[in-house]
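Below is one structure, written out as structure tokens; the observations come after it.
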2 protein chains.
Amino acid sequence: MARVAATERRASLVQAALTVIARDGVHAATTRAIVAEADMSLASFHYAFTSRDELIREVISFVVDDQHRVSLATLENVPADAETPGSGIRSAVRAALQAYFDLLVEFPEREQAMFELIHYSLRTPELGKLPQVQHGSYRHMAVELLEAGAATLDISWTRPVEEVARVLVALTDGLTLAWLADRDDAAAGHLMDFIADSIAALAVPAKVLHS
Amino acid sequence: MARVAATERRASLVQAALTVIARDGVHAATTRAIVAEADMSLASFHYAFTSRDELIREVISFVVDDQHRVSLATLENVPADAETPGSGIRSAVRAALQAYFDLLVEFPEREQAMFELIHYSLRTPELGKLPQVQHGSYRHMAVELLEAGAATLDISWTRPVEEVARVLVALTDGLTLAWLADRDDAAAGHLMDFIADSIAALAVPAKVLHS
DNA sequence: GTCTATAATGAGATAGAC
DNA sequence: GTCTATCTCATTATAGAC
């Protein structure tokens, strides 16, 4: 096989690991399954990584970074949803949730893998603060979305934006887990309606704070 | 070792498995670890169960049943929180959440194990509809609590109780996952405040519907 | 019914030729 | 740098004595 730089091999293996984890779960992501997915030899694996654990650590780091990238990309679309100040926030939140939900329905394995990676890192002390970091990146993403939405729709949050973000993340996690468990689209829709109402209840027209 | 009925052995092994899963995670719950915890020989394990998978299935079934039992026990305490009709629902919800949260803080491994078991069953097709059942039992528990609360506090839900229950479960799952990830007690408190407000917003005094 | 011993498999990691 | 072959260990499961 062609000679490839170690950094490229590492990237390929991380991608392959993510594919395997999404398809078969974390427990099935053995070194053998991963190298098979990457079409690579077992020895090449241990040339690029000293251990399986080192790979998994890199997978989680990659996922965290990736979420941040996705977050920024999503922001591009927020202004397009702009409507009348104040009242628009409810439908903007609802639309953003629907966009997320559509992705979830299209790639359920991906979100399932995220959960499994969180639980894996919670069970792996050597991973240190990665669970906090991973979860924190979700909240950071939510903060950016909420601030962008507030700026675009000319509203203010009645609670600290970090707090609203935590609510949004918790609700999204709950929505995701519930749908993964029972695949009830209609119920998920009702839940998203509720989330949109509840989040919108934390917004007031920005001018209120200016008076 | 004394001769023990197979059904007792099965029960002991299920308990031991739960202990191991809570302490070290599902992936660490090998037959060896479980029989060590149960102080039993490996052969006894295979006398009681034909396979490890059969045990895990029984563990999940047990957990589902157990949740139902806990749910009924919790109901006993609801009337004690009764206050003035209508306005009391917010503090009743908040108190119930706090009670759950206190349990979570005291036994975090237990809730973590519940998550891991859900994801395990989602990855195990042979387990069939168990994930739905497990998640459904959470919602059932929520329904009973909400109905008992409504009766005691003389309020009605403005949405179908199943829908409110789904919201409550989703929020609780999100609360749990967030706290497991970052152990931020203060943030969890704010989240519970929000949940209580949002759920209470779905309640109206019962007499409104009688007029 | 319970035990010890062992088969059978699959895992992570390494040696050494090329 | 990459390969094949192998080591070592842990796992599930079973056989057969008691």
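In what follows, chains carry the letters A, B, and so on, assigned in the order in which the sequence lines appear, proteins first and then strands, with residues in each chain numbered from 1.
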Worksheet item: Could you give the CZ-to-P distance, from Phe49(B) to dA13(D), as a whole number of Å?
Response: 12 Å
Practice prompt. Round to a whole Å and report the spacing from CZ of Phe45(B) to P of dT11(D).
Written response: 13 Å
Worksheet item: Roughly how many Å is it from CD1 in Ile56(B) to P in dT11(D), rounded to a whole number?
Response: 14 Å
Fill in: DNA chain C: 5'-proximal contact among His46(A) and Ala6(B) (nearest heavy atom)
Ala6(B)
Item to complete: Would you mind listing every side-chain hydrogen bond (donor to acceptor under 3.5 Å, both in side chains) that reaches into residues 172-182 of chain A, with sequence neighbours excluded?
Response: Tyr100(A)-Thr176(A), Trp179(A)-Asp185(A), Asp182(A)-Arg139(B), Asp182(A)-Arg166(B)
Worksheet item: For Glu111(B), which residues count as a salt bridge (Lys or Arg N to Asp or Glu O under 4.0 Å) partner, sequence neighbours excluded?
Response: none
Worksheet, complete the sentence: When rounded to whole Å, the CG to C1' distance for the pair Leu55(A) and dG12(C) reads 13 Å
Fill in: Counterpart residues, salt bridge (Lys or Arg N to Asp or Glu O under 4.0 Å), relative to Glu147(B) (two or more places apart)
none
Worksheet, complete the sentence: Per-nucleotide protein contact along nucleotides 4-11 of chain C, 5' to 3', at a 4.0 Å heavy-atom cut-off (B base, S sugar-phosphate only, - neither), is B------B
Worksheet item: Considering residues at least two apart in sequence or located in another chain, which fulfil the side-chain contact (heavy atoms from CB on, under 4.5 Å) criterion with Phe107(A)?
Response: Leu103(A), Glu109(A), Arg110(A)
Discussion item. Can you see if the side chain of Arg9(A) gets near the phosphate of dT2(D) - specifically, an N or O under 4.0 Å from OP1 or OP2?
Written reply: yes
Worksheet, complete the sentence: In whole angstroms, the gap separating P of dT2(D) from CZ of Arg10(A) amounts to 14 Å
Response to the item:
DNA chain D nearest-nucleotide lookup for Tyr47(A) and Ser51(B): closer to the 5′ end is Tyr47(A)
Discussion item. Treating Arg9(B) as the side-chain partner and Phe49(B) as the backbone partner, does any N or O pair qualify as donor plus acceptor under 3.5 Å?
Written reply: no
Worksheet item: Can you name the residues that form a side chain to side chain donor-acceptor pair (under 3.5 Å) with Gln112(B), not counting sequence neighbours?
Response: none
